[in-house]
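Comments concern the structure below.
The first residue of the sequence shown is numbered 1, and numbering continues consecutively from there.
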Amino acid sequence: MSSSSPSTSLLSAPQARPNPRAKERILAAAYDLFSRHGIRAVGIDAIIEQSGVARMTLYRHFTCKEQLVLAFLEQRAQFWASGWLQAEVMRRASSARDRLLAIFDVFGEWFRVEGFEGCTFINVMLETPNPDDRIRRASVEYLERVRQFLAQLAGEAGIGDREAFARKWHILMKGSIVSAGEGDRDAAARAREMGALVLDDALAHATAPLTS
């Protein structure tokens, strides 16, 4: 994805190469449709139609819809979390503190993208309430990877309990995404304002002198 700003490419897989293999076309179609409409609303027939492959070809690569959804989630983690969000945050700021806040600057642009689709991992998790469901577990795992990135930044900033801080920061992130989905396009700026207070408090405690 482009490192300059979010675009509609967040909603679809990268453009396929000339004469792409069938599996690539299937994944590209699944990525686009699942991102836009959710995993429940999109059936195999829609993916077959958009990818232009035969039904037997699809099932040759993915024996069931669950496998296709899991492959989609893996791609989403690669494209959205690593390829876009983390890359943009690292590009925009040099210190760990500023990188944490930059998350909301990136979100502020994302929230204004036409067709903003929200967080796929949250959406999928809510669509699959069974805690033992493989798709739900995968969504939770990818959300955990985002928190690991936040914990890394917190540690680099000198925050002691970086895991607890990462959870707080993730709550702000997820809350802003939901608010943006409700129509509040300034949700990122509001979350950044609250985040600055949380961050300054955590840093103050991290550097406060010990008292007897």
Can you tell whether the side chains of [X] and [Y] come within less than 4.0 Å, N to carboxylate O?
X: Asp105; Y: Arg192; result: yes
X: Arg97; Y: Asp200; result: yes
X: Arg137; Y: Asp133; result: no
X: Arg134; Y: Glu66; result: yes
X: Glu144; Y: Arg147; result: yes

Intermediate values then yes/no, side-chain contact (heavy atoms from CB on, under 4.5 Å), Phe111 and Ile177:
CA-CA 8 Å; Phe111 293 168; Ile177 293 170; 4.0 Å; yes
Within this structure, what is the [atom1]-[atom2] distance for the pair [X] and [Y], rounded to the nearest 0.5 Å?
X: Gln50; Y: Asp32; atom1: CD; atom2: CG; answer: 5.0 Å
X: Phe34; Y: Leu73; atom1: CZ; atom2: CG; answer: 9.0 Å
X: Leu172; Y: Met194; atom1: CG; atom2: CE; answer: 5.5 Å

Report yes if the side chains of [X] and [Y] come closer than 4.5 Å at any heavy-atom pair, otherwise no.
X: Phe149; Y: Met90; result: yes
X: Thr128; Y: Ser139; result: no
X: His170; Y: Leu143; result: yes
X: Leu150; Y: Phe165; result: no
X: Met125; Y: Val140; result: yes
X: Leu153; Y: Ile159; result: no
X: Leu85; Y: Met173; result: yes

More than 12 heavy atoms from other groups under 6.0 Å of NZ on Lys168
no
Whether over 12 other heavy atoms sit under 6.0 Å from Arg185 CZ
yes
Under 4.5 Å between side-chain heavy atoms, counting indirect links through other Ile/Leu/Val/Met/Phe/Trp/Tyr residues: same cluster for Ile171 and Leu126 or not?
no
Of Phe72, Tyr142, Trp110, the one forming a ring-ring contact (aromatic ring centres under 6.0 Å, His included) with Trp80 is Trp110
What's the verdict on side-chain contact (heavy atoms from CB on, under 4.5 Å) for Glu182 and Val178, showing C-alpha distance, side-chain angles and the deciding distance?
CA-CA 6 Å; Glu182 294 173 342; Val178 173; 4.3 Å; yes
Locate the shortest heavy-atom distance separating [X] from [Y]; write the atom from each residue and the value.
X: Ala71; Y: Leu27; answer: CB-CD2, 3.7 Å
X: His61; Y: Ala22; answer: NE2-CB, 4.1 Å
X: Ile47; Y: Ala29; answer: O-CB, 4.0 Å
X: Val42; Y: Ala46; answer: CG1-CB, 4.3 Å
X: Trp169; Y: Gly195; answer: CZ3-O, 3.1 Å
X: Ala191; Y: Ser176; answer: CB-CB, 3.8 Å

Determine yes or no for a side-chain-to-main-chain donor-acceptor pair under 3.5 angstrom, with [X] supplying the side chain and [Y] the backbone.
X: Arg112; Y: Gly108; result: yes
X: Lys65; Y: Ile39; result: yes
X: Thr57; Y: Val53; result: no
X: Asp161; Y: Ala164; result: yes
X: Glu127; Y: Arg40; result: yes

When you compare the side chains of [X] and [Y], does any donor N or O come within less than 3.5 Å of an acceptor on the partner?
X: Ser82; Y: Gln78; value: no
X: Asn123; Y: Thr120; value: no
X: Arg76; Y: Tyr31; value: yes
X: Glu156; Y: Gln152; value: yes

Geometric class of the Phe104/Phe107 ring pair [parallel <30°, tilted 30-60°, perpendicular >60°]:
perpendicular
Could you walk me through whether Asp186 and Arg190 pass the side-chain contact (heavy atoms from CB on, under 4.5 Å) test, one step at a time?
CA-CA 6 Å; Asp186 294 320; Arg190 304 184 207 281; 3.7 Å; yes
Worked verdict on Glu141 versus Arg145 for salt bridge (charged side-chain N to carboxylate O under 4.0 Å, His left out)
CA-CA 6 Å; Glu141 177 185 339; Arg145 291 186 190 180; 2.9 Å; yes
Go through the steps for Ile26 and Ile48 under the test side-chain contact (heavy atoms from CB on, under 4.5 Å), then give the verdict.
CA-CA 7 Å; Ile26 295 166; Ile48 290 172; over 6 Å; no
Go through Arg92 and Asp98 one step at a time and tell me if the salt bridge (charged side-chain N to carboxylate O under 4.0 Å, His left out) criterion holds.
CA-CA 9 Å; Arg92 292 183 184 220; Asp98 290 344; over 6 Å; no
Please assess Glu24 against Arg21 for the test salt bridge (charged side-chain N to carboxylate O under 4.0 Å, His left out), listing each intermediate value before the final yes or no.
CA-CA 5 Å; Glu24 293 173 327; Arg21 293 178 298 169; 3.7 Å; yes
